[in-house]
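All values derive from a computational prediction rather than experimental measurement.
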Amino acid sequence: MKNLTFYLCLFVAFIFTLSSCSDDDGDLPISETLEINIPNQDPEEGVAVIAGQQITVALQLRSTDNNLETFSINGPGIDITYEDILDTDDDENLEGIRPGDTYDQVNKQSVNYTMNYTVSTQDIETAIANDGTLTYLYTLTDKDGEITAEAVFTVPQYAFTDEQSITLIYKSINQTDGENQSEEAGIEYSGNDVAANIGEMMVFSATDMVEVSQEVYDAVTAADTDSFSAANTAYEDGSKISDIAIGADADFEAKYVVVKKEEGQFSVVHFEDLEFAPGDNRASINFKLIGLATN
């Protein structure tokens with residue numbers, strides 16, 4: 001009878017153990033066999049990035065004892081999981097690898113993976129609205145557990161600089177002295193139509209621009225800490241143009257533009273007056289510039 005009681009207790013304990021194991025099946029412990037290296041990445045400081053910039057993270061995925069299994073990347077613009085990372089390079093085209101990334105399987109316990117991603121304006125806006133960082137999490141598993149590492153990128157906090165007056169002078173189509181260009185504003189005085197009393201302005205060191213109302217101009221320049229988001233919203237809401245015509249002398253009408261510069265920042269321009277001077281095609285335009293700068 002004592003033996004029967006002993007075996008009955010043993011059986012109950014065994015059943016309880018099975019039940020406990022099944023409850024934890026979805027939670028892998030942190031593995032002591034796995035390693036994720038991120039060379040040249042300081043998670044404390046982060047690396048500063050701007051919109052349009054490509055970020056690259058070289059990952060070394062290792063297991064001391066087991067074959068590698070699942071690998072995932074989660075972060076702004078990227079959300080991907082490889083259920084079996086060792087099967088991702090079955091053909092020469094690396095089918096299954098995220099476009100832009102590279103993959104090199106050293107052996108079944110070692111993979112070199114490089115994440116390449118171009119930061120979008122939306123990523124920057126999201127980061128500014130949150131903690132000012134873009135964080136990418138990498139999770140790697142083998143049959144015994146998982147490990148997670150992260151790469152952190154910081155984004156600049158933008159504010160508008162003080163308003164300043166600038167004069168651009170257009171002389172001729174062959175002009176090379178740079179007096180008709182403003183890299184800071186992102187615009188170029190590109191030509192005159194003297195008969196029509198018009199000067200042509202086009203983007204310079206910039207992608208394109210949008211014309212806005214005075215109300216939008218005032219709202220954007222008053223945005224302060226949200227200046228990047230305000231300028232981007234005005235830019236995205238408008239119709240993109242590469243040039244704008246300004247009337248000269250008595251035909252002048254104040255115009256406002258938001259310019260997206262090549263480095264991803266913005267300038268906002270208020271054209272104040274255009275005046276033809278004596279001589280062929282010679283004219284000057286005065287305008288107010290407020291540009292974005294990092295704090």
Side-chain angles (χ1 to χ4, degrees), residues 51-52 121 158-294:
T121 301
Y158 291 99
F160 281 114
T161 59
D162 293 336
E163 186 178 70
Q164 55 184 300
S165 297
I166 295 179
T167 298
L168 295 182
I169 299 174
Y170 179 82
K171 299 174 182 177
S172 73
I173 194 172
N174 298 317
Q175 185 171 345
T176 60
D177 59 9
E179 291 187 22
N180 62 324
Q181 298 172 336
S182 172
E183 188 168 348
E184 189 175 13
I187 62 172
E188 173 184 278
Y189 191 167
S190 58
N192 281 338
D193 184 340
V194 178
N197 220 27
I198 287 176
E200 295 291 339
M201 310 297 140
M202 65 180 294
V203 292
F204 168 73
S205 296
T207 54
D208 43 34
M209 59 185 168
V210 300
E211 185 175 2
V212 298
S213 66
Q214 181 179 355
E215 289 74 21
V216 171
Y217 173 89
D218 291 339
V220 169
T221 57
D224 195 25
T225 56
D226 295 325
S227 56
F228 183 92
S229 297
N232 185 64
T233 297
Y235 172 80
E236 292 296 339
D237 287 349
S239 298
K240 311 300 186 297
I241 54 177
S242 59
D243 57 74
I244 188 170
I246 306 295
D249 301 318
D251 295 327
F252 177 80
E253 179 183 358
K255 292 189 176 183
Y256 306 83
V257 295
V258 174
V259 181
K260 185 174 184 180
K261 298 163 69 176
E262 289 178 346
E263 67 272 26
Q265 296 184 27
F266 292 94
S267 67
V268 284
V269 175
H270 168 203
F271 294 103
E272 289 196 312
D273 66 79
L274 174 62
E275 189 174 288
F276 283 108
D280 293 341
N281 295 331
R282 186 181 182 92
S284 63
I285 183 166
N286 299 311
F287 62 91
K288 296 284 190 181
L289 165 67
I290 302 180
L292 278 174
T294 57

Original post:
Between Ala185 and Val269, which heavy-atom pair has the shortest distance, and what is it?
Top reply: CB-CG2, 4.2 Å
Subject >> Flag for Asp177-Gln175: side-chain donor and acceptor within less than 3.5 Å >> reply: yes
Subject >> Any donor-acceptor pair under 3.5 Å from Lys240 side chain to Tyr235 backbone >> reply: yes
Original post:
Is there a donor-acceptor pair under 3.5 Å between the side chain of Lys260 and the backbone N or O of Asn232?
Top reply: no
Original post:
Which atom pair, heavy atoms only, marks the closest approach of Asn192 to Ala283?
Top reply: ND2-CB, 3.7 Å
**OP:** Could you walk me through whether Asn286 and Thr167 pass the side chain to side chain donor-acceptor pair (under 3.5 Å) test, one step at a time?
**Re:** CA-CA 4 Å; Asn286 299 311; Thr167 298; 2.4 Å; yes
**OP:** Might you point out which heavy atoms bring Ala159 and Ser227 nearest each other, and give the distance in Å?
**Re:** CA-OG, 3.4 Å
Original post:
If only atom types and distance count, is the side chain of Asp193 paired as donor or acceptor with the main-chain N or O of Ile198 below 3.5 Å?
Top reply: no
**OP:** Quick one: closest heavy-atom pair of Ser267 and Leu289, and the distance?
**Re:** CB-CD1, 3.7 Å
Subject >> Check against side-chain contact (heavy atoms from CB on, under 4.5 Å), Phe266 and Lys261 >> reply: CA-CA 6 Å; Phe266 292 94; Lys261 298 163 69 176; over 6 Å; no
**OP:** Calculate, to the nearest 0.5 Å, the distance between atoms CZ and CG belonging to Phe204 and Asn180 respectively.
**Re:** 8.5 Å
**OP:** May I ask you to decide if Gly291's main-chain N or O and Thr161's side chain share a donor-acceptor pair within less than 3.5 Å?
**Re:** yes
Original post:
Is Ile187 close to Leu168 at the side-chain level, that is, under 4.5 Å between some pair of heavy atoms?
Top reply: yes
